[in-house]
There are 2 protein chains.
Amino acid sequence: MARWQEGAAGRLAEAAMRLYVERGYEQTTVADIASEAGLTARTFFRHFADKREVLFAGSEFLRDAVVKSLAGVPATAEPMQAVAVALDATAELLGRDHRHSRLRQSVIMATAELRERELIKMATMAALMAEGLRERGVPARDAALAAESGAVVLRVAFEQWVEGPADADLRAVMRDTLARLTAVTGAGFS
Amino acid sequence: MARWQEGAAGRLAEAAMRLYVERGYEQTTVADIASEAGLTARTFFRHFADKREVLFAGSEFLRDAVVKSLAGVPATAEPMQAVAVALDATAELLGRDHRHSRLRQSVIMATAELRERELIKMATMAALMAEGLRERGVPARDAALAAESGAVVLRVAFEQWVEGPADADLRAVMRDTLARLTAVTGAGFS
């Protein structure tokens, strides 16, 4: 993700996104990306395992942010309140660059292989949140339900945000989506 | 899924599951499966695209059941009540054979490629439920939230059921998990 990367990695990520949008992901090679960035393929492979990983390079920052934010939540908080704090932390990172996020989303959604990789990324994030909740003493089933619902909110809110106006605040969209989840899951069952 | 298949397909599915559990999924070839079932590889490929699809052959029954059950829900029902009816329908199919489900789950969980395929299957199911809800007039965001929460309940309940006693009723476990989801997502936000 361009905004998190400096120097060669950042240039390669920008060049990759430009080509993925212009030519399509499948039609773009690592050699094309390196050439577009004015660098060599060897330099590319020093920063990224393959052309797919250019689109997922920010994942570890996101994971760190989730773990750190959960660790800072008071012990008395309800599981879903802890998840809400973790969502704020992801919004802080994911919500920085609307244009980049929008381009990335269009590339991901256009290719089955990338949609699958994104699914796995979200599942990993949910598993991490569930683990963080269990460490806080939340029973395993409640931890899974809260964490996976949180991942649903993240996905739905992010999609709404990238499709919406550039100046919208992702954190506010997430909080609003979380409130909506509570209303939807409660209706007819309270 | 053995119980849904008759004749050669059923024998191949049984043989495959036996070998996946005994030797491991990766160590088993289509030739092994055919031989174990007393059939030829050619017969195998008449029924399944590859050794992975043996484990996912029931998916279309599940999808049909979801679509049909949603179509039968009264128009006045809340989105999550409609999802609950769809979950009942999946429980009816998935809850038939505890031993088979337990073996299948152990094979899936042991192999990254199969876990990913299972993720995609669940995402497809959620997308189908969301589509069914939108057709009922539910706004897109509520439809996504209800359908994906339903998929979370399905996954968490199914995992609990396969790990639990063989005589437990999957439908009851799903209903109980759904009630728990409502409690967890509501706590601290009502």
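Protein chains get the first letters and strands the later ones, always in sequence-line order, with residue 1 at the start of each.
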Legend entry - A/D176/B/R141 under side-chain contact (heavy atoms from CB on, under 4.5 Å): CA gap, chis, key distance, verdict: CA-CA 11 Å; A/D176 182 57; B/R141 185 173 69 160; 3.0 Å; yes
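- The CG atom of A/L119 sits 11.0 Å away from the CE atom of B/M122 when rounded to the nearest 0.5 Å.
- The closest side-chain donor-acceptor pair between A/S149 and B/T185, if any, does not fall under 3.5 angstrom.
- B/L93 and B/V85 end up in different hydrophobic clusters when Ile, Leu, Val, Met, Phe, Trp and Tyr side chains are linked at under 4.5 Å.
- Interface residue A/R155: only side-chain heavy atoms are found under 4.5 Å from chain B.
- Around atom CZ of B/R171, no more than 12 heavy atoms belonging to other residues, nucleotides or ligands sit under 6.0 Å away.
- Heavy atoms only, all atoms of each residue included: B/G186 and A/T182 are closest at CA-CG2, 3.8 Å.
- Under the 4.5 Å side-chain heavy-atom criterion for Ile, Leu, Val, Met, Phe, Trp and Tyr, B/V152 and B/V173 are members of the same hydrophobic cluster.
- Clustering ILVMFWY residues whenever any of their side-chain heavy atoms sit less than 4.5 angstrom apart, transitively, puts A/V30 in the very cluster that holds A/Y20.
- By number of non-hydrogen pairs under 4.5 angstrom with chain A, the leading residue of B/E116, B/Q160, B/E148 is B/E148.
- What you find for A/L181 and B/L145 is that their closest heavy atoms are N-CD1, 3.8 Å.
- When the shell of 6.0 Å around CZ of A/R99 is examined, it contains 12 or fewer heavy atoms from other residues, nucleotides or ligands.
- Few gaps surround CZ on A/R18; more than 12 heavy atoms of other groups in view lie less than 6.0 Å from it.
- Criterion: ILVMFWY side-chain heavy atoms under 4.5 Å apart, direct or through other members. Under it, B/L128 and B/I120 are not part of a common hydrophobic cluster.
- Only the side chain of B/A84 comes within less than 4.5 Å of a heavy atom in chain A; its backbone stays farther off.
- When all heavy atoms of A/M80 and B/A187 are compared, the pair lying nearest together is CB-O, 4.3 Å.
- The cluster map of Ile, Leu, Val, Met, Phe, Trp and Tyr, joined by side-chain heavy atoms under 4.5 Å apart, puts B/F61 and B/L87 in the same cluster.
- Residue contact with chain B, scored on non-hydrogen atoms closer than 4.5 Å, involves the side chain of A/V156 exclusively.
- Contacts of A/A146 with chain B are made by both backbone and side-chain atoms, with heavy-atom separations under 4.5 Å.
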